[in-house]
Amino acid sequence: MSGNILEVSDLRVDYGGIQALRGVSLAVPEGQVVALIGANGAGKTTTLRALSKMLRPTTGTVRFLGEDVTRLQSHQLVARGMAHAPEGRGIFLNLTVRENLELGAYLRRDRAGIAADADKNYALFPILAERRDQVSGTLSGGEQQMLAVARALMSRPKLLLLDEPSLGLAPQVVQRIFQVLREVSESGVSLLLVEQNAHKALQLAHRAYVLETGNIFMTGTGQELLASPEVRKAYLGE
Amino acid sequence: MTEFLQHLVNGLSVGTIYALVALGYTMVYGVLKLINFAHGDVYMVGAFAGYYLSDLVGVRPPWADPPPGAGETFVKATIVTMGSMIICGLLGYLIERFAYRPLRHQARLTALITAIGVSFLLEFGFQLSPLVRSPIEFPPGPSPRVFPALLARDGYEVLGVNLSNYDIIGLLVALGLMLGLQWIVYRTRFGTAMRAVSFDSQVAGLMGIPVNRIISWTFVLGSALAAAAGIINAVSRPRIEPLFGLMAGLKAFVAAVLGGIGSVPGAMVGGLVLGLAEEYVAGYTDSSYRDAIAFTVLILVLLVRPAGLFGRLTVEKV
């Protein structure tokens with residue numbers, strides 16, 4: 001299994017003639033945080049969507065936990081331990097906070113374990129505990145983002161795909177989310193993180209990839225990319 | 001007053017039929033954003049399935065000699081109703097699996113036109129002259145058939161209002177089914193999954209919900225309810241023919257829009273309101289206006305409250 005929980009090779013996605021991904025290959029080592037950075041439209045979200053089968057890749061293979069999962073559907077990947085907190089949070093705004101969390105644990109049958117995990121999440125994000133019986137549509141953007149992360153954790157994933165967890169949030173909320181992600185990572189969950197906030201992402205990541213117009217343009221450890229002049233110029237605003 | 005109450009009884013009797021059929025429209029719209037125009041024809045198939053099943057289990061009319069006992073009547077009526085619900089559930093499954101699912105990722109109009117095609121297939125397929133003669137004559141052909149009397153009709157007069165056990169049993173069965181559905185949708189894991197798929201099917205998949213299976217079951221449930229409606233209706237209005245699902249289907253669709261398409265309680269209320277509106281207007285003015293009412297209601301809803309009575313206002317926060 002070569003120590004990688006996820007191995008992606010030559011992933012291509014076409015949107016009606018437009019090539020959104022032109023052969024992306026990457027790997028997520030077990031227990032590590034991998035960041036995917038790049039400009040708008042580079043294909044970061046498309047990569048995550050293709051991995052969790054929110055859309056169907058044109059070609060390429062995906063191996064998860066050593067198994068070829070290229071042909072599987074979203075729900076089958078969840079069953080194998082992949083969770084995806086999608087772009088725009090994907091909260092069921094018509095359901096309560098509690099119901100959203102319960103849906104995150106849809107495939108689990110151990111009621112006691114589910115309740116314990118919900119409590120763990122309420123401890124991580126106390127504001128969610130206060131609002132647990134509120135309809136999610138009434139939550140603020142930051143609260144919805146916390147709910148998205150918490151909900152993704154409810155399936156007890158081995159790999160968590162996160163799409164822009166800091167987008168549009170106040171600095172304290174961003175701090176809180178990244179702090180939780182660090183704790184999640186330390187508990188042994190592997191993370192594949194897509195971020196606009198390259199600085200924060202690279203600080204957290206063991207390894208990072210830079211995407212440009214559907215291709216992997218650069219890769220290295222988080223520290224290497226933080227130090228790279230090209231990355232500093234293009235993504236860190238220097 | 002008596003007249004008013006009589007219309008109330010008749011309106012409720014028709015309204016529950018609309019409500020049961022409207023539920024199928026609204027549930028399918030909820031999960032697929034598709035108006036399943038074949039749904040009215042599933043209702044028609046439900047009545048025919050009941051017709052054939054009655055034949056197969058040997059339902060004997062109340063005037064037979066000796067007349068069937070209460071036990072026999074109950075057992076056979078139950079078999080016919082449940083059997084028809086199962087047959088239509090299967091039909092609904094097949095329609096979704098083979099007509100709509102292959103087009104899921106095409107433009108939405110494609111599926112809509114396919115729905116009209118499936119509707120025509122059922123309407124005109126059933127009008128072919130019989131290809132099979134035994135044990136049943138199938139397809140039934142274009143001429144109307146008389147639905148067998150599943151149970152003896154008992155009429156009562158209460159406060160001058162004519163009531164029959166058909167009205168009462170039909171109303172009770174319909175209410176039972178609607179409460180059952182309400183329970184499924186709001187109290188079970190399947191129901192939560194269905195509501196999640198209806199809100200966002202892609203994200204529902206990310207929760208581990210098997211989206212295709214939920215959609216299949218939604219068709220099964222909706223079609224089974226339509227079958228029950230077909231039977232309840234055929235018991236009190238026994239003339240059935242392959243095109244009678246058309247108007248009923250359109251009206252149930254109007255009921256679903258009136259209640260707010262996608263809303264389960266909306267479909268129930270919409271059906272009852274439409275049934276009562278038709279009955280009162282037709283009763284107090286001219287019965288030839290009956291069919292015009294539904295479409296007047298549709299136009300008014302679209303003008304005044306396009307989301308329908310229970311239509312949800314989308315809450316969105318960024």
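By convention in this document, chain letters (A, B, ...) are assigned in the order of the sequence lines, proteins followed by strands, and residues within each chain are numbered from 1.
- Of the two parts of A:Ser155, neither the backbone nor the side chain holds a non-hydrogen atom closer than 4.5 Å to a non-hydrogen atom of chain B.
- Shown here for A:Tyr106 and B:Ile214, the closest heavy-atom pair between the two residues is OH-CD1, 4.2 Å.
- Sparse packing is recorded around CZ of B:Arg213, with 12 or fewer heavy atoms of other residues, nucleotides or ligands lying under 6.0 Å away.
- The two residues B:Gly208 and A:Leu107 make their nearest non-hydrogen contact at O-CD2, 3.2 Å.
- The shortest non-hydrogen separation linking A:Val78 to B:Gly205 is CG2-O, 3.7 Å.
- Other residues, nucleotides and ligands contribute at most 12 non-hydrogen atoms within 6.0 Å of the CZ atom of A:Arg56.
- By the 6.0 Å contact criterion, CZ on B:Arg108 is open, its count of non-hydrogen atoms from other residues, nucleotides or ligands being 12 or less.
- Heavy-atom contacts from other residues, nucleotides or ligands closer than 6.0 Å to CZ of B:Phe120 number 12 or fewer.
- A:Gln73 and B:Asn212 make their closest contact through NE2-ND2, 3.4 Å (heavy atoms, listed as atom of the first residue, atom of the second, distance).
- Here the CZ-CD distance, from B:Arg189 to A:Glu102, works out to 11.0 Å after rounding to the nearest 0.5 Å.
- Residues A:His84 and B:Leu206 share a closest heavy-atom pair of O-CD1, 3.7 Å.
- Using a 4.5 Å cut-off between heavy atoms, A:Ile91 contacts chain B through its backbone alone, with no side-chain atom that close.
- Here CZ of B:Phe199 is found 11.5 Å from CG of A:Leu103. Values are rounded to the nearest 0.5 Å.
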Problem - Derivation of the side chain to side chain contact (heavy atoms under 4.5 Å, CB included) call for A:Leu95 and B:Arg195 - result: CA-CA 9 Å; A:Leu95 304 181; B:Arg195 284 183 292 146; 3.6 Å; yes

